[in-house]
> 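This is the structure, below, for whatever I ask next.
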Amino acid sequence: CMQGVRRLALTGTPATGKSSVCALLGRGEFEIVTVEELAVEHECIEDVDINDGARAIDIKILSDILEKLWIEPPQKLTFIDGHLSHLLPVDGVVVLRCRPDVLRSRMNERGYDDTKSDSNVEWELIGGPWNDYHSAIPWTEFDTSKTPAESIVKLIRAWMSDGFKPKTPNTGIDWIEEEVA
């Protein structure tokens, strides 16, 4: 793999298109694994919460386990799909972003309640994963608001073939700035 990049996080607020992009990436030469699959495999996940229908993952314990297990490279470049994937010991991060109004619409289509939608839209507004930015590995982001998953896959492939040249948070999407402008 190029420059030692073996595992890439594909992260972003729920409903930004991670699963759709991973479904397309998984058709090719890439392996896809979800954070939830890893958490189940390593027993770092709780039962379904009756209040929100989610399963809490102990991302710290999972990260510690994977840090030891992931010494050897995978057979294929692997994308880790999930909004917590950037917190795992990965070699690069792709952040999918989406305009807050489009994101809210997607969440409404999925039947999210207002509380869940509000917290996710707020997370997107403040930049979500960028709050955990780690400059030692390549990071990039793509706006999925109007761009179909097929085009995002092409952009990811172009970023990879260009040597994973990282962007920094200073070049990231700023929805608050855009809303004010």
Side-chain angles (χ1 to χ4, degrees), residues 2 5 7-37 52-54 76-88 90-135 137-181:
M2 294 177 82
V5 175
R7 292 180 181 89
L8 290 170
L10 188 74
T11 189
T13 306
T16 53
K18 297 177 299 296
S19 296
S20 298
V21 168
C22 277
L24 293 171
L25 288 167
R27 291 188 194 156
E29 68 272 26
F30 307 114
E31 186 76 29
I32 307 297
V33 64
T34 67
V35 173
E36 185 173 6
E37 289 167 348
D52 68 3
K76 295 171 140 180
L77 191 141
T78 302
F79 282 88
I80 314 303
D81 173 9
H83 72 277
L84 300 173
S85 61
H86 62 284
L87 299 172
L88 297 175
V90 293
D91 305 303
V93 177
V94 175
V95 183
L96 299 186
R97 303 290 307 276
C98 184
R99 288 181 51 87
D101 58 324
V102 174
L103 189 66
R104 184 174 298 283
S105 172
R106 290 178 183 176
M107 290 181 184
N108 289 342
E109 289 170 17
R110 291 182 178 188
Y112 284 28
D113 65 41
D114 289 343
T115 304
K116 189 171 184 175
S117 292
D118 289 348
S119 71
N120 283 315
V121 167
E122 182 179 305
W123 180 242
E124 179 63 26
L125 267 170
I126 62 170
W130 280 115
N131 298 314
D132 302 310
Y133 173 71
H134 191 292
S135 63
I137 60 174
W139 282 66
T140 192
E141 67 180 6
F142 300 104
D143 180 357
T144 66
S145 305
K146 296 178 183 157
T147 309
E150 295 82 6
S151 297
I152 297 297
V153 168
K154 287 178 184 168
L155 292 168
I156 291 169
R157 286 178 180 278
W159 174 67
M160 291 167 60
S161 67
D162 193 31
F164 302 94
K165 292 202 175 88
K167 293 183 179 182
T168 66
N170 297 334
T171 61
I173 297 166
D174 186 342
W175 300 125
I176 295 171
E177 177 94 8
E178 204 174 288
E179 294 293 321
V180 173

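Counting begins at 1 with the first residue of the sequence. Just so it is clear, the values below take in all heavy atoms, side chains as well, and ignore hydrogens, waters and symmetry mates.
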> For residues A15 and M107, report the shortest heavy-atom separation together with the two atoms involved.
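The pair with the smallest heavy-atom distance is CB-CG, 4.0 Å.
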
> Could you check whether any side-chain N or O of R97 sits under 3.5 Å from a backbone N or O of T144, counting only pairs where one atom can act as donor and the other as acceptor?
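Here the side-chain-to-backbone pair does not exist.
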
> Who passes ring pair (Phe, Tyr, Trp, His ring centres under 6.0 Å) against Y112, sequence neighbours left out?
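So Y112 forms no ring pair (Phe, Tyr, Trp, His ring centres under 6.0 Å) with any residue.
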
> Under the salt bridge (Lys or Arg N to Asp or Glu O under 4.0 Å) rule, collect the residues that match up with R106, sequence neighbours excluded.
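Partners of R106 by the salt bridge (Lys or Arg N to Asp or Glu O under 4.0 Å) criterion come out as none, since no residue qualifies.
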
> Among all residues two or more places apart in sequence or in another chain, which pass the salt bridge (Lys or Arg N to Asp or Glu O under 4.0 Å) test with D113?
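Salt bridge (Lys or Arg N to Asp or Glu O under 4.0 Å) check on D113 returns nothing, list empty.
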
> May I have the step-by-step check of side chain to side chain contact (heavy atoms under 4.5 Å, CB included) for W159 and L8, ending in yes or no?
CA-CA 12 Å; W159 174 67; L8 290 170; 4.2 Å; yes

> For P100 versus V121, what's the shortest heavy-atom pair and its separation?
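Nearest pair, atom of P100 first, then V121: CB-CG1, 3.8 Å.
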
> Side chain to side chain contact (heavy atoms under 4.5 Å, CB included) between T11 and V94: does it pass, once the steps are laid out?
CA-CA 6 Å; T11 189; V94 175; over 6 Å; no

> If you define the side chain from C-beta out and look only at heavy atoms, does anything of F164 sit under 4.5 Å from V93?
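Not touching, per the 4.5 Å side-chain cut-off.
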
> For E124 versus L96, what's the shortest heavy-atom pair and its separation?
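In terms of heavy atoms, the two residues are closest at OE1-O, 4.4 Å.
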
> Scan residues 11-36 for pairs that pass salt bridge (charged side-chain N to carboxylate O under 4.0 Å, His left out), counting only residues two or more places apart or in two chains.
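Listed by first then second residue: E29-R157, E36-R55.
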
> Using modelled atom types only, decide if a donor and an acceptor are shared between the side chain of T34 and the backbone of D81 within a distance under 3.5 Å.
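No, T34 side chain to D81 backbone: no donor-acceptor pair under 3.5 Å.
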
> Tell me the closest heavy-atom pair linking L10 and C22, and the distance in Å.
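It is CD2-SG, 3.2 Å.
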
> Side-chain donor-acceptor pairs under 3.5 Å in residues 145-156, sequence neighbours left out?
unit_1, atom_1, unit_2, atom_2, d
S145, OG, R99, N, 2.6
S145, OG, D143, OD1, 2.5
T147, OG1, D143, O, 3.3

> Should I32 and L25 count as side-chain neighbours, where that means a heavy-atom distance under 4.5 Å?
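Answer yes - side chains close enough.
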
> I want to check something: taking the side chain as every heavy atom from C-beta on, are H83 and T16 in contact at a cut-off of under 4.5 Å?
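When only atoms from C-beta onward are counted, T16 and H83 do not touch, as no gap falls below 4.5 Å.
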
> Would you say that V21 contacts L24 through its side chain, given a criterion of any heavy-atom pair below 4.5 Å between the two side chains?
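V21 does not reach L24 side chain to side chain.
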
> Taking the side chain from N120 and the backbone from K116, do they hold a donor-acceptor pair closer than 3.5 Å?
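Pair found, side chain donor or acceptor close to backbone of K116.
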
> Is it true that, when you exclude E37 itself, more than 12 heavy atoms of the residues, nucleotides or ligands shown sit nearer than 6.0 Å to its CD?
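Correct, the count exceeds 12.
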
> Which atom pair, heavy atoms only, marks the closest approach of F30 to F79?
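Heavy-atom minimum between the residues: CG-CE1, 3.7 Å.
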
> Determine, step by step, whether T13 and L103 satisfy the side chain to side chain contact (heavy atoms under 4.5 Å, CB included) criterion, reporting the C-alpha distance in whole Å, the side-chain angles of both residues, the deciding distance to 0.1 Å, and the verdict.
CA-CA 9 Å; T13 306; L103 189 66; 3.7 Å; yes

> side-chain hydrogen bond (donor to acceptor under 3.5 Å, both in side chains) with S117: which residues, sequence neighbours excluded?
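Partners of S117 under the side-chain hydrogen bond (donor to acceptor under 3.5 Å, both in side chains) test: none.
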
> I would like to know whether L88 and R7 meet side chain to side chain contact (heavy atoms under 4.5 Å, CB included); could you show each step before the answer?
CA-CA 10 Å; L88 297 175; R7 292 180 181 89; over 6 Å; no

> For E109, which residues count as a side-chain contact (heavy atoms from CB on, under 4.5 Å) partner, sequence neighbours excluded?
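S105.
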
> Within a strict 4.5 Å, meaning less than it, do heavy atoms of the V35 and I80 side chains meet?
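The answer is yes; the side chains approach within 4.5 Å.
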
